[in-house]
Chemist: 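Handing you a structure now.
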Amino acid sequence: MDSADIILQIYARQVAARMQSNTTTSTSELQAYGNLYFPKQRFLGVFAADITPKRPPHGAFYIQNTLRSDSEDRSGHWVAVAVEPGRKPLLFDSFGRKPSANFMPDLMHADITDPDLNQELESTRCGQLSMAWGHLYLNYGYAVARMA
């Protein structure tokens, strides 16, 4: 485990403690956490897979679900995306997946973080890990966040 992954797991424990939950999270729970713990201009919000926020003129991140807004399925998964001027978006998926035609197709042009597994397959703490990755990105920058 490299240092970016260690920092990510430390942040994940802090996020879970603050949220008082280490399991499935809702859009409203994640939005409330983001509003409380991140500067407004650096946290763009929580979105469905088919909604992408307007790109700001500075570095920021957002949380996105793998489900579209019109999906009746409720078994989505949270990922995080960093956006910076002059760079491709950076996608963090705690399962280490790359975008494809079937998974996050709107982000197929994005850079991805280290494809290592940051979450056990049976775990449902992707929301907490995505927020933890947001802390890592905002505090250590794009290059370190890419290693997680």
Side-chain angles (χ1 to χ4, degrees), residues 1-69 75-100 103-121 123-148:
M1 184 178 282
D2 66 25
S3 58
D5 288 329
I6 292 168
I7 296 167
L8 177 69
Q9 294 303 329
I10 291 168
Y11 280 131
R13 284 192 294 275
Q14 290 174 349
V15 170
R18 289 172 177 166
M19 293 183 85
Q20 298 179 342
S21 171
N22 202 23
T23 188
T24 305
T25 50
S26 68
T27 301
S28 59
E29 289 173 312
L30 292 172
Q31 186 68 51
Y33 180 91
N35 291 343
L36 186 60
Y37 291 101
F38 297 109
K40 183 178 180 179
Q41 69 275 15
R42 303 291 309 270
F43 175 65
L44 303 179
V46 181
F47 303 92
D50 57 325
I51 300 172
T52 301
K54 182 179 176 188
R55 197 174 181 122
H58 50 75
F61 87 102
Y62 61 93
I63 304 295
Q64 194 164 43
N65 200 285
T66 57
L67 296 177
R68 297 176 53 84
S69 59
S75 60
H77 172 69
W78 298 111
V79 299
V81 181
V83 289
E84 289 190 4
R87 290 188 172 193
K88 291 180 179 182
L90 178 61
L91 171 67
F92 169 77
D93 174 20
S94 57
F95 290 135
R97 297 174 291 186
K98 295 180 183 179
S100 68
F103 175 71
M104 305 303 289
D106 293 342
L107 289 167
M108 286 182 59
H109 65 288
D111 283 337
I112 61 164
T113 59
D114 187 334
D116 62 343
L117 196 66
N118 296 107
Q119 175 180 348
E120 303 79 20
L121 293 176
S123 170
T124 57
R125 66 186 192 121
C126 55
Q128 290 86 347
L129 282 163
S130 292
M131 283 296 180
W133 185 84
H135 284 291
L136 177 71
Y137 164 68
L138 293 179
N139 289 317
Y140 292 89
Y142 190 100
V144 173
R146 190 173 188 182
M147 293 187 291

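Heads up: numbering here begins at 1 and tracks the sequence. As the structure is a computational prediction, the values presented were derived from the model and not from experiment.
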Chemist: Start with the C-alpha distance between V15 and Y37, add both sets of side-chain angles, then the distance that settles side-chain contact (heavy atoms from CB on, under 4.5 Å), and finish with yes or no.
Modeler: CA-CA 10 Å; V15 170; Y37 291 101; over 6 Å; no

Chemist: Between the main-chain N or O of T25 and the side-chain N or O of W78, is there a donor-acceptor pair closer than 3.5 Å?
Modeler: yes

Chemist: Could you report the tightest heavy-atom contact between N65 and G76, atom names first, then the distance?
Modeler: OD1-CA, 3.4 Å

Chemist: Can you name the closest pair of heavy atoms from P85 and G59 and give their distance?
Modeler: CD-N, 4.0 Å

Chemist: Using side-chain heavy atoms (C-beta onward) and a distance below 4.5 Å, is V79 in contact with L91?
Modeler: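 SC-SC contact between V79 and L91 confirmed.
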
Chemist: To the closest 0.5 Å, what do you measure between CH2 (W133) and CG (L138)?
Modeler: 8.5 Å

Chemist: At what distance, to the nearest 0.5 angstrom, does CG of D114 lie from CZ of F92?
Modeler: 10.0 Å

Chemist: Could you check if a side-chain atom of H109 sits within less than 4.5 angstrom of a side-chain atom of P99, using non-hydrogen atoms only?
Modeler: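 A side-chain contact under 4.5 Å is absent here.
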
Chemist: Find the distance between CZ (F103) and CG (D93) and round it off to the nearest 0.5 Å.
Modeler: 4.0 Å

Chemist: Tell me whether E120 at atom CD has more than 12 heavy atoms from other residues, nucleotides or ligands lying less than 6.0 Å away.
Modeler: yes

Chemist: Would you say that T52 contacts Q64 through its side chain, given a criterion of any heavy-atom pair below 4.5 Å between the two side chains?
Modeler: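 Sidechains of Q64 and T52: in contact.
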
Chemist: Looking only at side-chain N and O atoms, does Q9 offer a donor or acceptor that is under 3.5 Å from a partner on D5?
Modeler: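 Their side chains do not contain a donor-acceptor pair, so the 3.5 Å distance test is not met.
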
Chemist: Is it the case that the side chain of D50 and the backbone of S69 share a donor-acceptor pair, with hydrogens and angles ignored and the cut-off at 3.5 Å?
Modeler: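 It does hold such a pair.
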
Chemist: Show the nearest heavy-atom pair for residues A4 and L136, with the distance to one decimal.
Modeler: O-CD2, 4.0 Å

Chemist: Can you see which heavy atom on A12 is nearest to which on A132, and at what distance?
Modeler: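 Looking at all heavy atoms of both residues, the shortest contact is N-CB, 3.3 Å.
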
Chemist: Considering all heavy atoms of both residues, which atom of V83 and which atom of P56 are nearest to each other, and what is their separation?
Modeler: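 What the structure gives for the nearest pair is CG2-CD, 3.8 Å.
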
Chemist: Should H135 and F61 count as side-chain neighbours, where that means a heavy-atom distance under 4.5 Å?
Modeler: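 No, side chains not in contact.
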
Chemist: Could you check whether any side-chain N or O of Q31 sits under 3.5 Å from a backbone N or O of V46, counting only pairs where one atom can act as donor and the other as acceptor?
Modeler: yes

Chemist: Please find the pair of heavy atoms, one from G134 and one from F38, that lie closest to each other, and give the distance.
Modeler: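 What the structure gives for the nearest pair is C-CE2, 4.0 Å.
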
Chemist: For a side-chain contact (heavy atoms from CB on, under 4.5 Å) check, start with the C-alpha distance between F43 and Y62, then their side-chain angles and the critical distance, and finish with the verdict.
Modeler: CA-CA 6 Å; F43 175 65; Y62 61 93; 5.6 Å; no

Chemist: Counting N and O atoms only, with roles assigned by atom type, does the side chain of S94 sit under 3.5 Å from a partner on the main chain of Q119, one being a donor and the other an acceptor?
Modeler: no

Chemist: How long is the span from the NE2 atom in H77 to the CE atom in M104, to the nearest 0.5 Å?
Modeler: 9.0 Å

Chemist: Under 3.5 Å, is there a donor-acceptor pair between the side chain of R55 and the main chain of E84?
Modeler: yes

Chemist: How many angstroms lie between CD in E29 and CD in Q128, if you round to the nearest 0.5 Å?
Modeler: 8.0 Å

Chemist: Using 0.5 Å steps for rounding, measure from the CD atom of Q14 to the CE atom of M19.
Modeler: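 If I round to the nearest 0.5 Å, the distance is 14.0 Å.
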
